[in-house]
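Just so it is clear: chains get the letters A, B, ... in the order the sequence lines come, proteins before strands, and each one is counted from 1.
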There are 2 protein chains.
Amino acid sequence: MGKSDSLGEFEQVALLALIRLGSNAYGARIRAEIAERTGRDVSLGAIYTTLERLERKGFVSSARGAPTPERGGRAKRFYKIEAPGERALRKSRETMDRMWEGLVPAPSAG
Amino acid sequence: MGKSDSLGEFEQVALLALIRLGSNAYGARIRAEIAERTGRDVSLGAIYTTLERLERKGFVSSARGAPTPERGGRAKRFYKIEAPGERALRKSRETMDRMWEGLVPAPSAG
DNA sequence: CCATATATTCGACAATGTAGGAAAAATAGG
DNA sequence: CCTATTTTTCCTACATTGTCGAATATATGG
């Protein structure tokens, strides 16, 4: 059994993408956001699988969107981070912050 | 094949513990450092396994220490983070920083 | 209907997380 | 020397995460 509720690296990234995208978080968008921010080019399968697992744990919720008025295509599924997810995310960040504390000369300088 | 060289959450924690402990990083100490900093109580087995994998990838190196002058016990094995490990660690942090960018009201104030 | 454009779901397998107990050294005492 | 005891590492196993690529489901213009 999982010890508690710590998040994996990619889970954190996915959750953060949801926060950034707000009400427009669905597969392709999430993937693009991650690629843009981190340069990491993950597959859609990776994203859906991860989100599915997080949903099962109550960290995110999802809802089917209305049929797209665009060209064609299946209805989107929008994801949203839930309170437990935000808590876990914040906690993960704090853990890393404590481990990094006092180690960096110049923080995020690129 | 592993896509590149991203580190898992615990791998990052372990690597950071090595940096913090400097020349005194071995099993029990590493475990204590992690527990103290993060409140997370992992087993020694978890630590050795993780370090072993990181060593195989060239992220850390290790060397047997001199016989203990204490009561009894096997010789310690000291671990040290290597340049590739530091690079990967820094990169992981930067990735998370970019994902968190602009999201927190008050970051680490410690 | 059909070809095509989007999206999501499935099925698999690799990598990481994590424990617990066996095994290896080291040493004090009888 | 032998053994009980101590400290630390190593091995084995299994759960959870990371990640893909192919399969499947919907829409819609012709």
Side-chain angles (χ1 to χ4, degrees), chain A residues 1-15 17 24-32 34-35 38 40-57 59-60 62-79 85 88 92 95, chain B residues 1-15 17 24-32 34-35 38 40-57 59-60 62-79 85 88 92 95:
Chain A
M1 288 69 186
K3 54 173 186 50
S4 57
D5 54 38
S6 84
L7 301 164
E9 238 248 319
F10 187 60
E11 290 184 318
Q12 291 178 49
V13 168
L15 249 22
N24 203 29
Y26 72 96
R29 250 325 181 246
I30 296 171
R31 178 169 177 234
I34 292 175
T38 75
R40 226 155 127 189
D41 208 6
V42 299
S43 72
L44 281 167
I47 289 174
Y48 285 116
T49 302
T50 296
L51 253 20
E52 152 76 21
R53 288 169 184 162
L54 288 173
E55 181 162 33
R56 198 168 294 165
K57 293 204 234 167
F59 289 164
V60 314
S62 68
R64 220 163 233 84
T68 323
E70 283 296 304
R71 166 64 180 76
R74 189 174 179 171
K76 296 183 180 64
R77 177 171 192 161
F78 293 95
Y79 292 88
S92 291
T95 291
Chain B
M1 293 71 180
K3 55 171 182 51
S4 57
D5 51 40
S6 83
L7 302 164
E9 239 249 318
F10 187 59
E11 291 184 318
Q12 291 178 49
V13 169
L15 250 20
N24 202 29
Y26 71 95
R29 263 293 198 264
I30 296 171
R31 177 167 176 236
I34 291 175
T38 75
R40 227 155 126 190
D41 209 5
V42 299
S43 71
L44 281 168
I47 290 174
Y48 284 115
T49 301
T50 296
L51 252 20
E52 152 76 20
R53 288 169 184 162
L54 288 173
E55 180 161 34
R56 196 168 297 165
K57 294 205 234 166
F59 288 164
V60 314
S62 68
R64 219 162 235 86
T68 323
E70 282 296 303
R71 166 65 181 75
R74 190 174 177 170
K76 295 183 181 66
R77 177 170 192 160
F78 294 95
Y79 292 88
S92 291
T95 290

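Nucleotide D:dG18 holds its C1' atom 14 Å from the CD atom of B:Q12, rounded to whole Å. The distance from atom CG of A:L44 to atom P of D:dC20 is 10 Å, rounded to the nearest whole Å. Regarding A:L51, its CG atom lies at a distance of 14 Å from the P atom of D:dT19, rounded to whole Å. Distance CD (A:E11) to P (C:dT16): 15 Å, rounded to an integer number of Å. The CZ atom of B:R56 sits 11 Å away from the P atom of C:dA15 (whole-angstrom rounding). One can place CZ of B:R53 at 14 Å from P of D:dT12, the figure rounded to the nearest angstrom. One atom, CG of A:D41, and another, P of D:dG21, lie 11 Å apart when rounded to the nearest Å. In this structure, the CD atom of B:E55 is 18 Å from the P atom of C:dA15, given to the nearest Å.
A:R31 meets the salt bridge (charged side-chain N to carboxylate O under 4.0 Å, His left out) test with A:D41; sequence neighbours excluded. Every side-chain hydrogen bond (donor to acceptor under 3.5 Å, both in side chains) that A:R77 has, sequence neighbours left out, goes to A:E55, A:S62.
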Candidate pair B:L51 and B:I30, rule side chain to side chain contact (heavy atoms under 4.5 Å, CB included), full reasoning: CA-CA 10 Å; B:L51 252 20; B:I30 296 171; 3.7 Å; yes

Residues B:F10, B:V42; criterion side chain to side chain contact (heavy atoms under 4.5 Å, CB included); working and verdict: CA-CA 10 Å; B:F10 187 59; B:V42 299; 3.9 Å; yes

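As judged by a 4.0 angstrom heavy-atom cut-off over every strand, B:R29 is placed among residues making no nucleic acid contact. Across all strands, A:G45 comes closer than 4.0 Å to base atoms (heavy-atom distances). Among the heavy atoms of the strands, none lies under 4.0 Å from A:E52. If you check every strand for non-hydrogen atoms under 4.0 Å, A:L7 touches nothing.
Nearest approach of B:A88 to B:F59, heavy atoms of both residues: CB-CZ, 4.1 Å.
Judged by distance alone, the side chain of A:Q12 and the main-chain N or O of A:L7 form a donor-acceptor pair under 3.5 Å.
Considering only side-chain atoms of A:A46, the nucleotide from C:dA24, C:dA19, D:dC20 that sits closest is D:dC20. The A:S43 side chain lies nearest to D:dT19 when the options are C:dA24, C:dT18, D:dT19. Proximity note for B:S6 (side chain, C-beta onward) versus C:dA26, D:dT19, C:dA7: the nearest is D:dT19. Checked against D:dC10, C:dA19, D:dT26, the side chain of B:Y79 finds its nearest nucleotide in D:dC10. Checked against D:dT8, D:dC20, D:dG18, the side chain of A:F10 finds its nearest nucleotide in D:dG18.
A sub-4.0 Å separation between OP1 or OP2 of D:dA27 and a side-chain N or O of A:K76 is absent. A sub-4.0 Å separation between OP1 or OP2 of D:dT26 and a side-chain N or O of A:R64 is absent.
Counting atom types as modelled, B:R40 pairs no side-chain N or O with a base atom of C:dG17 as donor and acceptor under 3.5 Å. In this model, no side-chain donor or acceptor of B:T49 finds a partner on the base of D:dC10 within 3.5 Å.
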